Amino acid sequence: MERLVETVSDISSLLYVGLGLAAARLWWVRRDESSRWLAIGFGILAVGVGISLVAGPELPDPLVTVVILSLLAWPWVLARFASAFHPLPRWVLRTTDVVTAALAVWTISLGDLPEPGAPRSRALLAYTVVFIAHWLVISAIVAVRLWRAGRGEPTVSRRRMRSLAVAATLLGLALIGSGTGDQDPAVRLTVSLLSIASTIGFYLAFVPPSFIRSAWRVREEEALYRASVTLMDTASRDEVADVLLPHVRGVLGAEAAELLATDGTLVGRAGAPSGGTPRAVPLAGATLLVWRAAATPFWGTEEDRLLGRLAVLADLSLARADLLDREREARAEVEAVNDELETFVYSASHDLKTPLLALTGFLELLDKELRERPGAGERVPFYLDRMRSNTAYIEQLIADLLELSRVGRVDTAPEAVPLGELVADVAQDVEARHPGATVRAVGSLPVLWMNPTRARQLFTNVIENAAKYGGRDDVHVEVSASGGEVRVLDDGVGIPEEHHERVFRVFERLESGAPGTGIGLAVCRKIVSEVGGSIGFVPHTGGADLRISLPTKSGTAPSLVTDEGIEDDTQAPGADRPPTAGPRRDDRTSV
Amino acid sequence: MKTMNVLLVEDDADQRFFISTALSEVEGIEIRVAVVEDGQQALDYLHRRGAHRDADRPDLVLLDLKMPRRTGFEVLEEVRSHPELRTIPVSVLSSSERLEDVEESYRRGTNAYMRKRGFGEMARDLQAAMRFWACVASLPGRPA
C-alpha cells in the first residue's frame, strides 16, 4: 500500500513538472498576459514539486520552506491569471497581495517543522488553516469566473476553460487533504489521486489531444455545415452578411462580427463590440472583423482554423454574390439600352408615319378629285397608284421594324395555344387574301405554350409566306407535326438551299422587287428564339419545307409530342408540278 | 337632323385638315368642329379659359396622344379628375398601334380608341363613329 501511495504521489509530481513545461510552451507560443501568469504559476508549482520529488521524503528544512512558498504563490498567481482576461475587483487582488505577503513572512518565521505524524503546535495549526482558507477562496473565485466566462464560447474554448476551473478546484481539495497532515495511506492516496485528476484537467485545458478537440467541435461543425448550406442561397453582399455574421458569432463565440467592403463601408454587423482590437480576416473584396469576447483566454489555433474555414465560405459566397450582382447590372444595362431603343424606334416610327399618313391622305383626295374631272391625263391614275403602293410599302416597313423591335420585350405570359385551331383560323385569313391558295392541317397538332398573339403572328407569317412566294396562285400549304417539330410544307417554287439561312435575316429577300418588307421571317425567328425554340428550312424537292420547334403545354422544352405525322416525308403535296424555280410574282413588273 | 359639338385636339396640320374634312362629309349628322392644336389648348378650351371663354361644352372630344406641351394622356387624366369635365365622352384618335398606348388610354379613362388611317378609311371610320355617338349612344345631358 505504502509503495502504491508513493508511486501515485510520484506520478502526480511528475505530471506537475510536465504541466510547468506545457504552461511555459503555451506562453512561448501565445505571449499574452493570461498565458504568462499561467506559465509563472505552473513554473513555480513545478519547481516546488520537482524539489520534493528529487529530494525525497527526507527534505531539509530550508527546502521545505521553499516548497511551501511555491504552494503559497499559486493562488496569488491564479488570481492574476484570472484578472488578465476578466479583471477581478481591486480589493480582491489587494487582499490576496496582503494575505500572501503575510503568509510568506509567517512561513519563513515558522522555523523547524514537526516530523510527519508528530503533534502540531497551535500556531502551526492556525497557519495551516489560514493557508488553506486563502487557497480555497481564491481557487473558488477563479473557478467560478472561468466557468462563467466559458458561456457562449466555441465548445473547444469553453471546455478548456471549464477544465481549468475543475482542475483548480480539484487541486484545492487535494491541498486540504495534504494540509491535514494525516499519514493514513488511504488519505494520502486520495490526495494523490485528486492531484492527478487535477493535472488531467490542466492538461485538457492547456494541450487537449486532437481526438478530444474533434469530439468537442461537433456542434461547430454542424453550424458550419448549416452556414454553408444557407450561404449557397444568398444572392447579394447584404444577404451574405446577414447569414454569415450570426454564424461567425455562433461558431467562434465572438462578441461581434462585421463585414466591411474594400472602401471601408459597412456591409453588415452582428453583435456589438464593447471595445478592443478586432481580428481582421481579408476576403475577396471585403474584410471580416471579429471581436473576441473579453473572456477568451483560450482562443487558439482551433478557433483560428474555424475562422479560416468560415473565411473560405465567406469568400466563396461573396464571390458568388458579386458575380450575381455583375450579372444583374449587366442585365439591367441591356434592358435599359433595349428600353431606350424601343422608345427610339417608337418615336422614329411615329414621326415617319405622320408625314406618310398625310401623303396617303392627300393622294386619296387627289385621286378623288381627278376621278370627278375626267380627261386630266391618262397616265395620272397609274402614277397615283404607284405613289400609293410605295407609301403603303414604307408604312408596312415601319410597322414591321417596330414589330421586330418589340418581340420578346412587350409580350405577356405564355398560355396554352391549340395549334390546330390556330392553323384553321389562319388558313381562312390566308385563303381569303390569296384566292386559289389552299391551307390544310394534317394529323393532330399539339397545344403550344407561348404568347398567343406571337403564335398567331408566327403562323400567319410562315403560312402567308408559303402562299405569297409560291410562284403561282394555287399553292397548297400543309401544316403537320412529327418528330417533335411543326412542319409547314408547300408545293411552291421552294427556296434554294444556299438561301435557307439568309431568308431569316432582316431586309433579305430572294429577288429584288419581291413583295413584302423582308422582315417577316426575321420576326418569326425572333418569336421562336424568344421561347427557346428553333426555326429553319430543310432541303426539299418541289416546294419549301419549314421546321419549327416550340414549347408545348406539357413542358417548356421546345419539343412536340404528336401521335400522327405526315406519312410520306419526302413527297410534297402537289409534287407532280415540275420543280423548276419560276420567277416570283412581282407587283412592280406586272405593269 | 342630329347635331354634335366635337372638340378636335390635333397638333398636325394635315391631320387636322383630313379629320375636319372627313367630319364635314359625315352624312345625316350636323357636326360643329372646334379645333385646338395641343393638349394645353384643349384644357384651356374645356375649362373656358383665355380665348375660349365662350366655348361650348363639347359632346365629344377627339384626342390625339402625341402632342407638344400637354400630351393626350395628360389631358385625359385631367379631364377625368375634374368633377364637371369627367362626364364628357373622349375618343382617342392616334396613329399609334402600340398595345400599351391603347391600354394606357383606357386606364386613363378614354371611351374609345380609334386608329388614324388613310383618308378614305378614316372617313369611313369617322362616319361610323359619329353615327354611334350621335344616334346610338346616350350622352350626358342629351338622351338619344
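It should be emphasised that the depicted structure is a prediction, and the values quoted were computed from it without experimental measurement. Chain letters run A, B, ... following the sequence lines, proteins first and then strands; every chain starts at 1.
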Part of R117(B) lying under 4.5 Å from any heavy atom of chain A: backbone
Result of checking D64(B), D12(B), D14(B), D125(B) against K116(B) for salt bridge (Lys or Arg N to Asp or Glu O under 4.0 Å): D64(B)
Parallel, tilted or perpendicular, as decided by the 30° and 60° cut-offs, for the rings of F17(B) and F362(A): parallel
All pairs passing side chain to side chain donor-acceptor pair (under 3.5 Å) where residues 83-92 of chain B contributes a residue, at least two apart: R57(B)-T87(B)
D11(B), part contacting chain A, at a heavy-atom distance under 4.5 Å: neither
4.5 Å side-chain heavy-atom contact, R16(B) and E37(B): yes
Main-chain N/O of Y113(B) paired with T110(B) side-chain donor or acceptor, under 3.5 Å: no
Within-4.5 Å side-chain heavy-atom neighbours: V531(A) and L550(A): yes
Within residues 353-360 of chain A, residues adjacent to chain B where the heavy-atom gap is under 4.5 Å: K353(A), T354(A), L357(A), A358(A), T360(A)
Close side-chain approach of L60(B) and L7(B), heavy atoms under 4.5 Å: no
